[in-house]
Visitor: 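Here it is, the structure, as structure tokens.
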Amino acid sequence: MLNKTQIRYALDTIAEMFPNAECELNHRNPFDLLIAVVLSAQCTDALVNKVTVKLFEKYHTPNDYVNVTLEELQQDIRSIGLYRNKAKNIQKLCMSLLNDYNGEVPQTKEDLEKLAGVGRKTANVVVSVAFGEPAIAVDTHVERVSKRLGICRWKDSVLEVENTLMKKIPKEEWSDTHHRLIFFGRYHCKSKNPNCEVCPLLDICREGKKRLK
DNA sequence: AACTCGGGGCA
DNA sequence: TGCCCAGAGTT
């Protein structure tokens with residue numbers, strides 16, 4: 001396991017590698033962001049952006065999504081995987097916003113997680129990106145990178161990874177760190193080809209040293 | 001903890 | 001072709 005000094009070094013190095021790391025999803029307001037993040041599950045952000053360009057020209061409010069048939073909404077997001085369930089969830093989610101939140105996006109993780117299609121990861125991204133609240137959303141990249149480097153344990157659950165990261169990283173750095181770890185995982189420490197041979201973190205990385213042996 | 005949903009992108 | 005992708009819900 002990495003100590004505090006090593007974690008500090010790792011985060012600073014990753015920050016230098018990806019100085020402009022931020023949310024890549026196409027969004028102009030909390031509502032559009034919420035829709036985009038729900039759509040992004042198990043699917044690349046590039047594909048989501050391609051779909052939401054047209055989607056957000058047609059749909060602007062929760063009412064717009066519930067005033068079309070399920071079939072029509074499904075057609076409009078058809079090129080995204082899991083589109084049938086996602087369309088259902090989005091209509092359910094919009095009904096909840098209209099009934100329980102006056103058509104607005106709730107600003108707490110607890111309320112967000114009650115919405116259809118919104119889990120812990122999505123809720124974290126929304127409060128962080130849309131409302132500026134410190135949060136670390138643990139997706140596949142964050143989980144893989146944290147475990148490889150040795151910031152957390154291999155056997156940790158997603159929730160344990162999140163708690164460990166929050167404990168070991170200053171709160172004011174949570175949101176930036178979240179995006180940086182994602183970029184690091186997506187473009188460098190990839191699931192298949194981690195690029196260990198050119199990695200500046202090889203000295204401290206538990207998995208990297210094992211792989212190059 | 002394991003399983004399922006799923007079309008598009010990329011090798 | 002085969003494998004993977006800024007997960008969530010169910011069993």
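Since the structure is predicted, the reported quantities are computational estimates derived from the model, not experimental observations. Throughout, a chain's letter reflects where its sequence line sits, starting with A, and its residues are numbered from 1.
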Visitor: Please identify each residue that fulfils salt bridge (Lys or Arg N to Asp or Glu O under 4.0 Å) with A:Asp45, with sequence neighbours left out.
Guide: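 Checked A:Asp45 against salt bridge (Lys or Arg N to Asp or Glu O under 4.0 Å); matches are A:Arg186.
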Visitor: Return the set of residues passing ring-ring contact (aromatic ring centres under 6.0 Å, His included) with A:Tyr187 (not counting sequence neighbours), or none when no residue passes.
Guide: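 For A:Tyr187, the residues satisfying ring-ring contact (aromatic ring centres under 6.0 Å, His included) (neighbours in sequence not counted) are A:Phe183.
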Visitor: Salt bridge (Lys or Arg N to Asp or Glu O under 4.0 Å) with A:Glu113: which residues, sequence neighbours excluded?
Guide: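 Counting only residues at least two positions away or on another chain, A:Glu113 forms a salt bridge (Lys or Arg N to Asp or Glu O under 4.0 Å) with A:Arg120.
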Visitor: What's the gap between C:dA8 and B:dG8 when it is taken at their P atoms, as a whole Å value?
Guide: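 Pairwise P distance, C:dA8 against B:dG8, rounds to 22 Å.
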Visitor: Check every nucleotide of DNA chain C for an atom under 4.0 Å from a heavy-atom of chain A, then give the first and the last such nucleotide from 5' to 3'.
Guide: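 Using the under 4.0 Å cut-off, the span is C:dC5 to C:dG9.
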Visitor: For nucleotides 3-5 of chain B, tabulate all protein N/O to nucleotide N/O atom pairs closer than 3.5 Å, reporting atom names and distance.
Guide:
{"residue": "B:dC5", "atom": "O3'", "partner": "A:Asn85", "partner atom": "ND2", "Å": "3.4"}

Visitor: Describe the nucleic acid contact of A:Ser157 in one word from base, sugar-phosphate, nothing, applying a heavy-atom distance below 4.0 Å.
Guide: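 Since no nucleic acid heavy atom lies under 4.0 Å of A:Ser157, the category is nothing.
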Visitor: What nucleic acid atoms does A:Leu115 come within less than 4.0 Å of, heavy atoms only: base, sugar-phosphate, or nothing?
Guide: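 Here A:Leu115 touches the backbone only, sparing every base.
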Visitor: By the 4.0 Å heavy-atom rule, please label A:Val37 as base, sugar-phosphate, or nothing.
Guide: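 Result for A:Val37 = nothing.
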Visitor: Regarding A:Glu22, tell me which of base, sugar-phosphate or nothing describes its non-hydrogen contacts under 4.0 Å with the strands shown.
Guide: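 Counting heavy atoms under 4.0 Å across all strands, the contact made by A:Glu22 includes a base.
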Visitor: If the condition is side-chain hydrogen bond (donor to acceptor under 3.5 Å, both in side chains), which residues does A:Gln42 pass it with, not counting sequence neighbours?
Guide: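 With sequence neighbours excluded, A:Gln42 shows a side-chain hydrogen bond (donor to acceptor under 3.5 Å, both in side chains) to no residue whatsoever.
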Visitor: Check nucleotides 8-11 of chain B against the protein and report each pair of N or O atoms closer than 3.5 Å, with its distance, or say if there are none.
Guide:
{"residue": "B:dG9", "atom": "OP1", "partner": "A:Lys50", "partner atom": "NZ", "Å": "2.6"}

Visitor: On DNA chain C, does the nearest nucleotide to A:Cys23 precede the nearest nucleotide to A:Glu113 from the 5' side, or the other way round? Give the residue.
Guide: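 Nearer the 5' end of the strand: A:Cys23.
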Visitor: By the side-chain hydrogen bond (donor to acceptor under 3.5 Å, both in side chains) test, which pairs, at least two apart or in different chains, include something from residues 196-205 of chain A?
Guide: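 Matches after skipping sequence neighbours: none remain.
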Visitor: Any ring pair (Phe, Tyr, Trp, His ring centres under 6.0 Å) pairs touching residues 123-182 of chain A, not counting sequence neighbours?
Guide: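 Every candidate ring pair (Phe, Tyr, Trp, His ring centres under 6.0 Å) pair involving residues 123-182 of chain A fails, so no pair, neighbours aside, qualifies.
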Visitor: Holding to side-chain hydrogen bond (donor to acceptor under 3.5 Å, both in side chains), I want the full list of residues that pass it with A:Lys58, two or more places apart in sequence or in another chain.
Guide: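 side-chain hydrogen bond (donor to acceptor under 3.5 Å, both in side chains) check on A:Lys58 returns A:Glu72, A:Asp76.
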Visitor: Could you tell me whether A:Arg8 and A:Glu173 have a side-chain N and a carboxylate O separated by less than 4.0 Å?
Guide: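 Looking at A:Glu173 together with A:Arg8, the answer is yes, because their closest N to O distance falls below 4.0 Å.
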Visitor: List the residues meeting ring-ring contact (aromatic ring centres under 6.0 Å, His included) with A:Tyr65, not counting sequence neighbours, and say none if there are none.
Guide: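 Counting only residues at least two positions away or on another chain, A:Tyr65 forms a ring-ring contact (aromatic ring centres under 6.0 Å, His included) with A:Phe31, A:Tyr59.
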Visitor: Can you check the distance between B:dA11 and C:dA6, where both ends of the measurement are the P atom (answer in whole Å)?
Guide: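 The answer is 14 Å between these two P atoms.
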Visitor: Using the closest heavy atom to pick a nucleotide of DNA chain C for each, name whichever of A:Asn89 or A:Glu24 lands nearer the 5' end.
Guide: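 Between the two, 5'-proximity favours A:Glu24.
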Visitor: Identify, with sequence neighbours excluded, every residue that meets salt bridge (Lys or Arg N to Asp or Glu O under 4.0 Å) alongside A:Glu22.
Guide: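 Residues passing salt bridge (Lys or Arg N to Asp or Glu O under 4.0 Å) with A:Glu22: none at all.
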Visitor: Compute whether any side-chain donor of one residue and acceptor of the other, for A:Asn195 and A:Lys190, lie under 3.5 angstrom apart.
Guide: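 Absent: no donor and acceptor within the cut-off.
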